[in-house]
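Inspection log for the structure reproduced underneath, given as C-alpha cells.
Every chain is numbered from 1, with letters handed out A, B, ... down the list of sequences.
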There are 2 protein chains.
Amino acid sequence: MEKSENTRGGAVQRVEAALLNDISSGVLSPGERLDEVQLTERFGVSRTPVREALSRLTAQGILVPGAKRGVQVAEYSREELAQIFEAMHEIEVACARIVSQRISLLSRSEIEIAQKACVIAAEANDLSGFLQANENFHQAIYRATGNPYMAQIASDFRRRTGPFRAKKFASHEDLLASARSHDVLMSHIFSEDSGEASAGMRAHMTESFMQTLAAN
Amino acid sequence: MEKSENTRGGAVQRVEAALLNDISSGVLSPGERLDEVQLTERFGVSRTPVREALSRLTAQGILVPGAKRGVQVAEYSREELAQIFEAMHEIEVACARIVSQRISLLSRSEIEIAQKACVIAAEANDLSGFLQANENFHQAIYRATGNPYMAQIASDFRRRTGPFRAKKFASHEDLLASARSHDVLMSHIFSEDSGEASAGMRAHMTESFMQTLAAN
DNA sequence: ATCTTGCATTTTGCTGACAAAAAGCACCTA
DNA sequence: TAGGTGCTTTTTGTCAGCAAAATGCAAGAT
C-alpha cells in the first residue's frame with residue numbers, strides 16, 4: 001500500500017548491505033538493538049526481507065540474538081575480541097602457508113599491484129583510499145590460496161573485524177608503518193618456504209593484533 | 001544446563017534438522033534439487049519457514065543455489081572436495097596448535113574420555129557408536145581451544161564434510177586404525193609443544209584426508 | 001532444420017495479516 | 001515491602017496469496 005515501484009528483487013541485499021555499512025561506519029554502535037518494524041519503515045519493505053537480512057547477518061556473527069528479544073549489533077568483551085583475533089590470526093597464517101606453496105605469477109602480480117596502491121595511499125595520507133587498498137591487498141592474498149573455502153572464511157573474519165581494525169589507523173605514521181609491514185610480509189610469502197611464510201604472517205598478525213587491541 | 005537453548009522458530013529448526021539429517025544419511029544425494037512447495041507439503045508448513053531453513057543451509061554451504069532455479073544439495077567435484085578438506089585440514093592444525101598452548105586438565109580429561117569411547121566402539125565394531133564417539137572426540141578438541149570462534153569454524157567444516165568422511169569407515173580395521181591414530185594425535189597435542197602438536201595434527205589430517213578422498 | 005517470438009506456466013520474492021509467546025504493568029495479597 | 005497474579009501491549013513465527021521474473025513451449029519466420 002506504500003511505495004509503488006521498488007526494484008523488484010534485491011530488497012534483502014539492499015537491507016543487508018545498508019546495515020552492514022551502518023555497522024562498519026559506526027552509525028550503529030555495538031550493543032544497539034535493531035527493531036524489525038523500524039527497519040521495515042526505514043527501507044519501505046515488509047518484515048519478511050528485513051527478517052531475512054537480519055537472519056543472514058546473525059549467521060555471520062555481525063548481529064547477535066538480543067538478551068531478551070530481537071537482535072542487536074554484536075558487542076564483544078575484551079576477551080571475546082581477543083578470541084576473534086586469535087582465530088583470524090590462525091586463518092591468515094594458514095592462508096600464507098598455502099599461498100607460499102603455490103604462488104603463481106599472476107597472483108603475485110595482483111598482490112604487488114595492491115601493495116603499490118597501499119604505499120601510494122599511505123604516502124598521500126589518504127585514509128579511506130588506504131583502507132580500500134589494504135582490503136584489496138589482503139583479498140588478493142586470500143585469492144592467491146586458490147582455495148575459495150579458505151578465502152571465504154578469511155574474508156568473513158575480515159568483515160567481522162573491520163570496525164575494530166579501522167581504529168588502528170589514527171595517524172599518518174600508522175599507514176606508513178602498515179605499508180612497510182606489508183613489504184616484509186610479502187617477502188616471506190614469496191619465499192616459497194611455507195615455514196617462513198607462516199612465521200612471517202604470524203609476526204605480522206601478532207603485531208597488527210596488538211595495535212588493534214590497544215586501540216579498542 | 002546448556003541445552004536450555006531458546007526454541008525460537010520450532011518449524012524452521014525442525015525442517016532444517018530433518019534436511020540436514022537426510023543429507024548426512026544419504027536420503028538426499030548430492031546434486032538433488034529441493035523444491036520449496038514439495039517440502040511445504042512434506043512438513044505441513046507454509047513456504048516461509050521452509051524458505052528460511054533452505055536459506056540457512058545455503059549459508060552453511062550444505063545447499064547451493066541451483067544452476068537454473070532453486071537450491072540443490074551441494075555436490076563437489078574432486079577438486080572442490082580437495083579444497084574443502086585442505087581448508088579443514090588447516091583449521092584442525094590451527095586448533096591443535098592452540099590446544100597445545102593452553103591445554104587444561106579438564107579439557108585433557110574430556111578428550112581422553114572421548115577417546116576411550118572411540119576405542120571401545122572400534123573394538124566392538126559398532127559403526128554408529130564409533131562415529132558418535134569420534135565426533136565427540138573432535139568436538140572435545142575444538143572446545144579445548146577455549147576459542148568458540150575457532151571451534152565454530154571447525155565444527156562447521158565437520159558438519160559439511162560428514163557425508164564424505166563417513167564413507168572412509170568401511171571395515172572393522174578402519175575403525176581400529178582411526179582409534180590408534182587418535183592416540184598418536186593426543187600424544188602430540190598433550191606435548192605442550194605447539195610445533196609438534198600442529199605437525200602431529202597435520203600428519204593425522206593428511207592421512208585421514210587421503211583415505212577420505214580415496215573413498216569418494 | 002534452426003532460430004526467433006510471443007504466450008502460458010512455474011518459481012520466487014515479497015506483502016499484509018493473524019495467532020501465539022514473551023515482556024511489561026498494574027493490582028492484589030501477605 | 002516483597003512477591004505473586006492476571007491483564008495488556010509488544011514482538012515473533014507463520015500463513016495464504018499476489019505479482020514480477022524466470023522458464024518452458026509452441027507457432028511462425030528465416
Side-chain angles (χ1 to χ4, degrees), chain A residues 1-23 28 30-75, chain B residues 1-23 28 30-75:
Chain A
M1 160 140 352
E2 57 173 87
K3 24 141 297 339
S4 352
E5 54 239 298
N6 73 20
T7 0
R8 262 293 176 173
V12 174
Q13 262 112 352
R14 198 158 47 83
V15 174
E16 185 179 353
L19 289 178
L20 210 44
N21 187 59
D22 282 358
I23 293 169
L28 292 169
E32 195 158 341
R33 268 196 78 198
L34 268 56
D35 184 49
E36 279 184 11
V37 202
Q38 240 173 338
L39 296 172
T40 277
E41 288 159 11
R42 167 172 167 195
F43 293 104
V45 296
S46 84
R47 272 180 56 228
T48 309
V50 167
R51 174 171 262 275
E52 187 169 336
L54 294 182
S55 159
R56 286 201 205 179
L57 291 168
T58 304
Q60 288 180 57
I62 311 277
L63 303 178
V64 293
K68 19 185 197 186
R69 286 309 204 71
V71 295
Q72 55 190 160
V73 181
E75 65 184 336
Chain B
M1 326 284 106
E2 68 233 324
K3 200 48 196 133
S4 62
E5 281 289 336
N6 49 10
T7 333
R8 284 181 186 175
V12 173
Q13 274 160 344
R14 195 159 46 83
V15 173
E16 184 180 354
L19 289 179
L20 211 44
N21 187 59
D22 282 358
I23 292 169
L28 292 169
E32 194 159 340
R33 267 197 77 197
L34 268 57
D35 184 50
E36 280 185 8
V37 199
Q38 242 172 339
L39 296 171
T40 277
E41 288 159 10
R42 168 172 168 197
F43 293 104
V45 296
S46 86
R47 274 178 55 227
T48 310
V50 168
R51 174 171 263 273
E52 186 169 335
L54 294 183
S55 158
R56 285 201 207 181
L57 291 168
T58 304
Q60 286 179 59
I62 310 279
L63 302 179
V64 292
K68 26 184 194 180
R69 291 307 208 71
V71 295
Q72 56 190 165
V73 181
E75 66 184 335

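Counting only distance, with no hydrogens or angles, the side chain of B:Arg33 and the backbone of B:Arg69 share a donor-acceptor pair below 3.5 Å.
Side-chain proximity of B:Arg69 to D:dA22, C:dC14, C:dA23: nearest is D:dA22. In the set D:dT12, C:dT15, C:dT12, C:dT12 carries the atom at the smallest distance from any side-chain atom of B:Arg47. Across D:dT14, D:dT11, C:dT11, the shortest atom-to-atom separation from the side chain of B:Ser46 is found for D:dT14.
Closest of all the heavy-atom pairs between B:Gly61 and B:Ala74 is O-CB, 3.7 Å. Summarising the geometry of B:Leu63 relative to B:Val73, their closest heavy-atom pair is CD2-CA, 3.7 Å, with the distance given to 0.1 Å. When all heavy atoms of A:Glu16 and A:Ala53 are compared, the closest pair comes out as N-CB, 4.0 Å.
B:Val45 comes within contact range of the sugar-phosphate backbone alone, with a heavy-atom separation under 4.0 Å but no base atom that close.
Taking atom CG on B:Leu39 and atom C1' on C:dT12, their separation rounds to 15 Å, with Å as the unit. Rounding to whole angstrom units, CG of residue B:Asp35 and C1' of D:dT23 are separated by 14 Å. Rounded to a whole Å, the CD atom of B:Glu41 is 12 Å from the P atom of D:dA16. Distance CD (B:Gln13) to C1' (D:dT12): 13 Å, rounded to an integer number of Å. Atom CD of A:Glu52 is separated from atom C1' of C:dT15 by 14 Å (rounded to the nearest Å). Atom C1' of nucleotide C:dC14 and atom CG of A:Leu54 are separated by 16 Å, given to the nearest angstrom. Summarising the geometry, the separation between CZ on A:Arg33 and C1' on C:dA22 is reported as 12 Å, rounded to the nearest angstrom. If you measure from atom CZ of B:Arg14 to atom P of D:dG13, you get 15 Å, rounded to the nearest angstrom.
Listed pair A:Arg51 / D:dG13 meets the phosphate criterion, a side-chain N or O lying under 4.0 Å from OP1 or OP2. Residue A:Thr48 places no side-chain N or O under 4.0 Å from the OP1 or OP2 atom of C:dC14.
Distance check: B:Asp35 CG to B:Gln72 CD gives 13.0 Å after rounding to the nearest 0.5 Å.
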